[in-house]
Peer 1: 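Structure in structure tokens, see below.
The figures here come from the full heavy-atom set of this structure, side chains too, leaving out hydrogens, waters and symmetry mates. Here, residue 1 is the first one in the sequence, and each next residue gets the next number.
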Amino acid sequence: MNSVVSFAGRPPTARPPDPAYAELMVTSNFSFLRSGSHPEELVSAAMHLGLAGIGIADRNSFAGVVRGYVVHRDMAEKFPGFRYVVGVRLAFADGTPDIIAYPSDRLAYGRLCQMLTRGNMRGEKGDCRLELSDLEEFIEGQLLILSPSGDFAKAAEVLGRLVALAPGRVWMAAAMAYKGDDRARVNRLAAMAAAAGVPLLAVNDVLYHEPGRRILHDVVSCIRQGLTLETAGRRLEQNAERHLKPAREMARLFADYPQALVETNNLLSKIGFSLDQLRYNYPEETIGNGETAQETLERLTWVGAAKRYPDGVPDKVKASVWSELCLIGYKGYAAYFLTVADIVRYARDDLKILCQGRGSAANSSVCFCLGITEVDPAKARLVFGRFISTERDEPPDIDVDFEHERREEVMQYVYAKYGGKRTGLTSTVISYRSKSAIRETAKVFGLSDDTIAALNQMHWGWGSMIDADGVRKIGSIPKTRRCRRCSTWCGCCARSRATSASMWAASSSPGIRSKAWCRSARRRWRAGRSSNGTRTISTPWVS
């Protein structure tokens with residue numbers, strides 16, 4: 001008689017814990033037209049996958065790191081052990097393989113910013129031209145990941161130079177590309193790393209947060225290269241594997257090299273820099289008579305108040321001014337008010353240029369007394385909390401409109417006062433709006449001009465997109481339906497960077513701490529290549 005084996009009393013097999021893994025080679029859509037996901041999507045997905053951390057490293061840019069930081073900050077309580085680090089993917093113009101650089105501290109971050117500024121000054125608009133010699137100059141404090149792209153001889157040469165300059169701070173990246181030669185390629189990279197004495201680092205070279213975004217990545221890649229999906233061929237990714245993967249899956253892929261996963265946490269532990277370490281570094285404004293900036297601001301404010309109210313300053317205005325001055329002194333913003341007041345005074349009195357402050361600054365009695373705005377606090381109910389408050393720990397923003405034709409004269413004054421290394425035009429990111437997203441996506445899908453025109457007639461402005469019912473009216477063809485989905489995704493993707501002639505940055509230190517394009521941006525604007533057409537000059541704080 002057959003015996004029956006009972007499993008009722010056997011305890012369930014415990015599942016081993018997932019290995020710790022951090023994805024440190026991630027590209028967001030701020031590497032323009034090279035990724036299919038936003039930084040916030042990537043950070044959120046990494047958290048929910050249980051990763052130990054994630055590093056956003058865009059192509060020659062820190063532009064997208066703040067959005068990822070905001071998501072990490074808002075979800076920190078729910079995922080307390082998760083690390084978010086910021087880096088940059090250095091793409092070189094001299095044939096050097098890509099290198100991902102993570103600053104180990106605050107000063108190293110400043111050096112990276114300075115290097116990127118130099119690269120942007122060399123190239124044309126949107127083209128950051130870096131050479132390996134630039135990295136060698138600013139290599140102090142950088143944690144470097146070499147990512148060979150195929151030329152192993154060149155990669156070995158570069159690896160040797162990096163190890164000599166940054167011993168103990170270099171890793172060799174290895175990713176499974178699913179192209180049929182993964183094992184041979186990773187073995188070769190491991191041998192190269194061992195010969196140079198550097199660790200092998202497991203990465204997935206992420207381009208989007210989940211596999212469904214592969215089609216969007218194909219679309220933006222075609223837009224960047226001026227191709228259609230039918231003609232792109234091998235210039236697109238062969239599969240949808242370049243998405244965030246859980247640690248267990250990465251451990252399976254790198255079963256032959258488990259130490260490669262451990263190294264991701266070793267590298268993560270060496271990164272001591274975080275965006276919350278940045279502080280505003282505003283130039284001190286004094287007139288050289290021994291007064292502090294706060295004392296000068298108070299004196300000029302009351303002199304201006306006497307001019308505004310020749311018959312005597314009303315008690316209501318006095319109370320408002322004293323309250324604002326106390327808060328400005330408490331927050332340390334006096335120098336900023338003096339800067340704006342000086343620019344307005346020079347434009348109005350010396351250059352005879354029409355100018356007017358606007359926005360939330362119109363709620364300030366101090367701005368009115370200084371002549372920056374024209375909203376009389378004695379006649380209007382101002383809400384100073386919209387401008388500055390103790391609860392909102394961020395600096396104020398004073399917008400001033402100047403005559404469009406004479407704006408350059410004001411810029412020259414700011415530039416001459418603070419110097420070329422401490423001022424610069426800021427750059428803005430241009431995103432797709434519905435009409436351009438529909439048009440560019442439809443071209444990639446090879447739709448006819450008539451179909452593109454019909455699709456563009458189905459939206460009502462920047463925020464609207466075509467719906468399924470509208471597509472059915474054109475014809476329920478699969479290509480049109482896929483185009484609609486991709487154009488919806490593409491509708492808020494970053495597509496390029498532009499110089500904003502309306503925003504200036506001033507710092508008490510050289511451009512080592514700014515991400516501005518500095519003088520090259522100014523030259524491009526003067527040559528007529530700035531596109532936004534606004535008339536406002538702001539003086540934002542620089543970190």
Side-chain angles (χ1 to χ4, degrees), residues 282-288 291 293 296-309 321 324 328 333-377 387-388 395-426 428 499-508 514 516 518-519 521-528 530 532-542:
Y282 199 79
E284 182 68 16
E285 293 280 0
T286 60
I287 60 175
E291 290 181 333
T296 302
L297 177 64
E298 292 179 4
R299 177 173 56 80
L300 294 179
T301 299
W302 292 115
V303 169
K307 293 180 180 179
R308 290 287 196 180
Y309 304 100
V321 169
E324 292 183 20
I328 292 170
Y333 296 155
Y336 177 64
F337 282 80
L338 293 177
T339 297
V340 180
D342 177 65
I343 295 173
V344 171
R345 180 207 58 78
Y346 179 80
R348 184 176 291 153
D349 298 341
D350 295 4
L351 299 179
K352 308 301 180 183
I353 294 177
L354 296 176
C355 56
Q356 176 64 58
R358 62 173 177 85
S360 59
N363 287 279
S364 170
S365 299
V366 171
C367 286
F368 176 73
C369 294
L370 293 174
I372 298 172
T373 61
E374 295 298 326
V375 179
D376 189 347
F387 183 46
I388 302 177
D397 183 17
I398 302 176
D399 297 326
V400 183
D401 289 334
F402 295 87
E403 284 186 62
H404 176 69
E405 294 80 5
R406 303 187 64 187
R407 183 172 50 185
E408 173 68 14
E409 299 176 51
V410 183
M411 291 184 176
Q412 291 289 348
Y413 172 71
V414 176
Y415 211 75
K417 180 175 180 179
Y418 296 100
K421 293 185 178 181
R422 291 173 170 81
T423 57
L425 288 170
T426 62
T428 59
T499 305
S500 173
S502 66
M503 290 183 287
W504 273 82
S507 173
S508 63
S514 74
C518 296
R519 284 168 290 187
R522 175 175 168 271
R523 289 196 301 267
R524 284 192 293 272
W525 179 81
R526 295 189 65 183
S530 180
N532 68 357
T534 58
R535 298 186 301 164
T536 305
I537 293 180
S538 300
T539 50
W541 295 61
V542 177

Peer 1: Quick check against the 3.5 Å criterion: does E409 have a side-chain atom that pairs as donor or acceptor with the backbone of L351?
Peer 2: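 No.
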
Peer 1: Restricting to non-hydrogen atoms, name the atom on I353 and the atom on E403 that form the minimum distance, rounded to 0.1 Å.
Peer 2: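 Where I353 meets E403 most closely, the heavy atoms are CA-OE2, 3.5 Å.
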
Peer 1: Classify the angle between the aromatic ring planes of Y346 and Y413 as parallel (below 30°), tilted (30 to 60°) or perpendicular (above 60°).
Peer 2: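 It falls in the parallel class, under 30°.
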
Peer 1: Taking C-beta and beyond as the side chain, do D376 and Y309 meet within less than 4.5 Å on heavy atoms?
Peer 2: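 Answer yes - side chains close enough.
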
Peer 1: Salt bridge between E374 and R358, side-chain N to carboxylate O under 4.0 Å?
Peer 2: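 Not counted as a salt bridge, because no side-chain N and carboxylate O are separated by less than 4.0 Å.
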
Peer 1: For the pair R407 (side chain) and F402 (backbone), establish whether a donor and an acceptor sit closer than 3.5 Å, ignoring hydrogens and angles.
Peer 2: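 Here the side-chain-to-backbone pair does not exist.
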
Peer 1: Over all heavy atoms of both residues, which pair between C355 and A347 is shortest? Give the atoms and the distance, please.
Peer 2: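 For C355 and A347, the tightest heavy-atom pair comes out as SG-CB, 4.4 Å.
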
Peer 1: Q356 side chain to D401 main-chain N or O, any donor-acceptor pair under 3.5 Å?
Peer 2: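 Checked: no pair found.
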
Peer 1: With rounding to the nearest 0.5 Å, note down the distance linking CZ in R308 to SG in C369.
Peer 2: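 Between R308 CZ and C369 SG, I get 7.5 Å after rounding to 0.5 Å.
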
Peer 1: Nearest 0.5 Å, please: how far is CD1 in I388 from CG in N363?
Peer 2: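 Between atom CG of N363 and atom CD1 of I388 there are 11.0 Å.
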
Peer 1: Taking R348 for the side chain and G371 for the main chain, is one N or O donor matched with an acceptor at less than 3.5 Å?
Peer 2: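 Side chain of R348 to backbone of G371: a pair is present.
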
Peer 1: To the nearest 0.5 Å, how far apart are CD1 in I398 and OH in Y336?
Peer 2: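 One gets 4.5 Å once the value is rounded to the nearest 0.5 Å.
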
Peer 1: Are side-chain heavy atoms of L297 and L370 found at a separation under 4.5 Å?
Peer 2: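 SC-SC contact between L297 and L370 confirmed.
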
Peer 1: Quick one: pull up NE2 in H404 and CG in L354 and give me the separation to the nearest 0.5 Å.
Peer 2: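 Those atoms lie 14.5 Å apart.
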
Peer 1: Can you tell me how far CZ of F368 sits from CD of E324, rounded to the nearest 0.5 angstrom?
Peer 2: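 These two atoms lie 12.0 Å from each other.
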
Peer 1: Quick one: pull up OG1 in T301 and CG in L338 and give me the separation to the nearest 0.5 Å.
Peer 2: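 Rounded to the nearest 0.5 Å, the OG1-CG separation comes to 8.0 Å.
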
